[in-house]
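For reference, the structure is listed below as C-alpha cells.
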Protein chains: 2
Amino acid sequence: MSTMSDVAERAGVSLSTVSYVLSGKRAISEPTRQRVLAAIDELDFHPNELGRALASQRSNTIALLFPALTRGIGELHLEFVTSAAESAAKHGYSFLLSISPDEDEEAVRLARRGFTDGLILMEIKLQDARAELLRHRRFPFAMIGHREDNDGISFVDVDFVHAAREALRYLASLGHRRVAFLGASDQLMAVGYGPAVRSLAGFTQAIAEFGVEGTWHPCDASPRAAYAVVEELLRKSPEVTALVTAHHEASGGMMQAARELGRRIPADLSVVAMTSPRQAETFTPLLTTMDFPAAEMGRLGAELVIRQLETEGGEAEPIHRLLRAELTVRQSSGPAPGRR
Amino acid sequence: MSTMSDVAERAGVSLSTVSYVLSGKRAISEPTRQRVLAAIDELDFHPNELGRALASQRSNTIALLFPALTRGIGELHLEFVTSAAESAAKHGYSFLLSISPDEDEEAVRLARRGFTDGLILMEIKLQDARAELLRHRRFPFAMIGHREDNDGISFVDVDFVHAAREALRYLASLGHRRVAFLGASDQLMAVGYGPAVRSLAGFTQAIAEFGVEGTWHPCDASPRAAYAVVEELLRKSPEVTALVTAHHEASGGMMQAARELGRRIPADLSVVAMTSPRQAETFTPLLTTMDFPAAEMGRLGAELVIRQLETEGGEAEPIHRLLRAELTVRQSSGPAPGRR
DNA sequence: CTGTTAGCGCATTCAT
DNA sequence: ATGAATGCGCTAACAG
C-alpha cells in the first residue's frame, strides 16, 4: 500500500501538493498536476480513508441503528435498510448497520466513536430517548418515524392516522358495518411506539366518522399470533365482515384461520393490509393494501442526515415529511356480504 | 470530547500511561491506575476509535458486500444481514453494509480503504472474481456461498445439491411420478451463480436416481414470474402433480396460478419450497419446505472472518462448512393424486 | 503556485 | 513501573 509521501516523492513534489491535487482545494499548475496524477497511477495509490477521517474529523460514514423493538420482523426492514444504504452510497457515504440490545447506549456510543458522522434512527417512540440524547450532544441524526416533540429534528414517516382512516373509509364505502382491526401488541403500545399509537388513533376516529362498529385486537406480528386472534374473533363475532391488519407478516396465519372457519377472501371477508408494495404482491390471494413507500422512506432517512452534514454550520433547518400510504385494490372485494 | 491527553494531565501521568491503563498491555501500579480511572470517569472520556484505528492499523470493522445480483429479493437476505451484524457486534466489531453496483471494484475499494479489516461476500458465483481479487491482496474475507475452487478460503453454504435431491426424494416417496422444478433464471445460471447451478445438478441427479419424470423451469424470483410459469406449465402438462420451488418469494403467485386452474394444495398438487424456517411460517397454506439455516449462515459468515482477523499471523486454516437444509412437513401432502 | 509544518487521537518503542 | 518520543496517513493553516 503506497501512501501520499510515496506519491510525493515519486512526483518530486511535496506531500501537501499531492493532497491538494486530490482535493482540488487549491490551484495547481497543469504540469505538476499531471506529474502527480501519473505518480498516483503508477503506484496504484488510493488514499487511506482512516488517515483522512482522523485529519479532517469526518468519516463520511452514516449509521443506521437497527431496531431491537420489532427486529427482523419483516421485509419492510430490509427495504428501509437497503434503500438507506444505497442512498448513502450514492452520496459518497459508507453505511454502518448497528445492532445492539441497548439502543439508547448504542446511539451515544456511535456518536462519540468518531467513526460515524451521523445517525438514522428508526422504530421511533413518542418520547424517544435516543433523540433527546443525540440532540443534547448536538450530534447529527434523522428519524424514520417521529416523536411527539420533533423540534429541530428531521424525519420522514408514514401518516398512520391517515392510513388507518383510509382503510376504514374504504371498507365503509363497500358497506361493511362490522370491522376488526389487528393492531399492535400491547407491549408496543405500552412503550409508545409511534405507528402503534397512531394507527389506534386513526382507527378510533374512523369508526366514529364512518359510523361503523369496530373492534381493536392487539396482535403480535407473527403468523401464529394472527391465526389465534382471527380464529377467536371470527368465532366469537361471526358478524365481522372485514379485517384490517397492521401486520403484513401475519397475513398467512390470518387467512389460514379465515379459511378454516369457512370464510373465503374476498367473498365472505374483506381484508385490507398495511404493507409495502413489494410485499403486497407476494400475498395469496392478492389483498387490498395500504401501501407504504418503504424505499422512499429509507432513501429520505439517509438524505436527511446527509443534508445536515453538508450544511455549513451544521444547522440545517429540520425537515418533516409525513408521507401518505396509498390504497391499492388488487382484487376487488365487492360489497359487504350482508349487502349482497 | 476529551482526549487521552486531557486524561493524562488530569491524572498527573503521561499519555502512554493512560493508554496502557486502557489496554492493559503493561503493568500499572494500583494507585496510578485508580487515579487514571478516576480522571477518565470525571471527564467522561471515551477513546476515539479513529485515532485508535489509525495507530493500530485495525478498525475493528467488518463489512458485508450486499448482493447486487439478486438484491432485495427476500427475507433471506435480511436474515443473513442481521445475524451477521449481530454476530459482529457480539465479537466487538462494527458492521459495514456495502452496496454498490460494481461488486468487484467495491470489494477492492473496501480492502484498501483502511476502514475495514475483513469482508463477507455473499451470492457467490462458481468463478467468483471478488474472491480472486481479495485473495491476491491477501485481504481477510469469508464467503456465504462457495466457489468451485475454494483453496485457502473459509466459507459457509447450504448444500443445494443435497437439498434438491431431498425434495425430490420426498416427493418420489409420496408416489409422485411427474414433478416440475421452478429453478433459477437463465441469467443467474449464465453467470454461474452457485445455488442455481447446484440445485439444477441435484435435480438432475435426483430424477435419475428416483426414477421420476422431472422438468426444469427457469423462473425469476417474483410472484408474477412464478404465476406465469406455473400457469403455463400446469396448462401444458396437467399430469404434473408436484412442484419444487427455489423461490420462496414467489410462492404467492405460484399458488394463485394453481388455484385458478382448479388445483388445490396439497390435495391436487404437492409443493415443496426451499426457504428459511421464519419465512416458511408465513405461507398459506403451510408448505412443506427445505429449511435453510439462514441465521446460522449469517452468524458463521461473520465468525469466519473474525476468526482470521484474530489468528496470529493472519493465516488461519480455512474452514469449509456445508450445512444441510432440513425437510419440514408442515401440512401433510398425502400421496400423489394419481395414487389415491 | 508550491513547500513546510503542525496537528488529528492514539499505540508503541525506546529509554530510564 | 513510568515517561518521552515517534509515527499511523492525511488535512489544512501558515509561509513564501
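Nothing here was measured: the structure is a model prediction, and the numbers come from that model. Proteins come first, then strands; the chains are lettered A, B, ... in the order of their sequence lines, and each starts at number 1.
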**Item:** Least distance between heavy atoms, B:Gly301 atom then B:Ala142 atom
**Value:** O-CB, 3.9 Å
**Request:** Indicate yes or no: does B:Arg52 engage B:Glu49 in a salt bridge with an N to O separation below 4.0 Å.
**Result:** no
**Message:** Going by side chain to side chain contact (heavy atoms under 4.5 Å, CB included), name the residues that satisfy it together with A:Ser94, two or more places apart in sequence or in a different chain.
**Reply:** A:Thr61, B:Leu96, B:Arg113
**Message:** Between A:Arg299 and A:Glu303, does any side-chain N to carboxylate O distance fall below 4.0 Å?
**Reply:** yes
**Prompt:** For C:dG9, does either OP1 or OP2 sit under 4.0 Å from a side-chain N or O belonging to B:Arg52?
**Reply:** no
Could I get a table of every N or O pair under 3.5 Å where one atom is in the protein and the other is in nucleotides 1-3 of chain D?
from	atom 1	to	atom 2	distance (Å)
D:dT2	OP1	B:Ser29	OG	2.7
D:dT2	OP1	B:Thr32	OG1	2.4
D:dT2	OP2	B:Ser29	N	2.6
D:dT2	OP2	B:Ser29	OG	3.4
D:dT2	OP2	B:Thr32	OG1	3.4
D:dT2	O4	B:Arg26	NH1	3.0
D:dG3	OP2	B:Ser14	N	2.9
D:dG3	OP2	B:Ser14	OG	3.4
D:dG3	OP2	B:Thr17	OG1	2.6
D:dG3	N7	B:Ser16	OG	3.3
D:dG3	N7	B:Arg26	NH2	2.9
D:dG3	O6	B:Arg26	NH1	2.8
D:dG3	O6	B:Arg26	NH2	3.4

**Item:** Ion pair A:Glu132/A:Arg147, N-O distance below 4.0 Å
**Value:** yes
**Asked** Can you tell which of C:dC10, C:dA11, D:dC10 lies closest to the side chain of A:Asn48?
**Response** D:dC10
**Prompt:** Between D:dC10 atom C1' and B:Arg113 atom CZ, what is the distance in whole Å?
**Reply:** 15 Å
**Request:** Let me know the distance between CG of B:Leu50 and P of D:dT11, rounded to the nearest Å.
**Result:** 13 Å
**Prompt:** Counting any heavy atom closer than 4.0 Å, what does A:Met4 reach on the DNA or RNA strands: base, sugar-phosphate only, or nothing?
**Reply:** base
**Message:** With a cut-off of less than 4.0 Å, is there a side-chain N or O of B:Gln57 near OP1 or OP2 of D:dG9?
**Reply:** yes
**Nucleotide D:dT6, atom C1' - distance to CG of B:Leu54 in whole Å** = 13 Å
**Asked** For DNA chain D, what string of dots and brackets results from 5' to 3' when Watson-Crick and G-U pairs need both distances under 3.5 Å, crossing pairs get [ ], and pairs with another strand get |?
**Response** ||||||||||||||||
**Asked** Between B:Lys25 and C:dT12, is there a side-chain N or O to OP1/OP2 distance below 4.0 Å?
**Response** yes
**Item:** Interatomic distance, A:Asn60 CG vs D:dC10 P [rounded to whole Å]
**Value:** 15 Å
**Request:** In plain terms, say whether A:Asp102 and A:Arg109 are close enough for a salt bridge, that is, a side-chain N and a carboxylate O under 4.0 Å apart.
**Result:** no
**Item:** Value rounded to 0.5 Å, distance of OG in B:Ser87 from NE2 in B:His91
**Value:** 4.0 Å
**Asked** If you round to the nearest 0.5 Å, how far is CG of B:Leu121 from CD1 of B:Ile144?
**Response** 9.5 Å
**Protein-nucleotide distance (A:Phe115, atom CZ; C:dC8, atom C1'), rounded to Å** = 14 Å
**Message:** Tell me the interatomic distance from A:Leu22, atom CG, to D:dG9, atom C1', rounded to whole angstroms.
**Reply:** 12 Å
**Modelled atom types, side-chain donor and acceptor of A:Thr17 and A:Ser14, under 3.5 Å** = yes
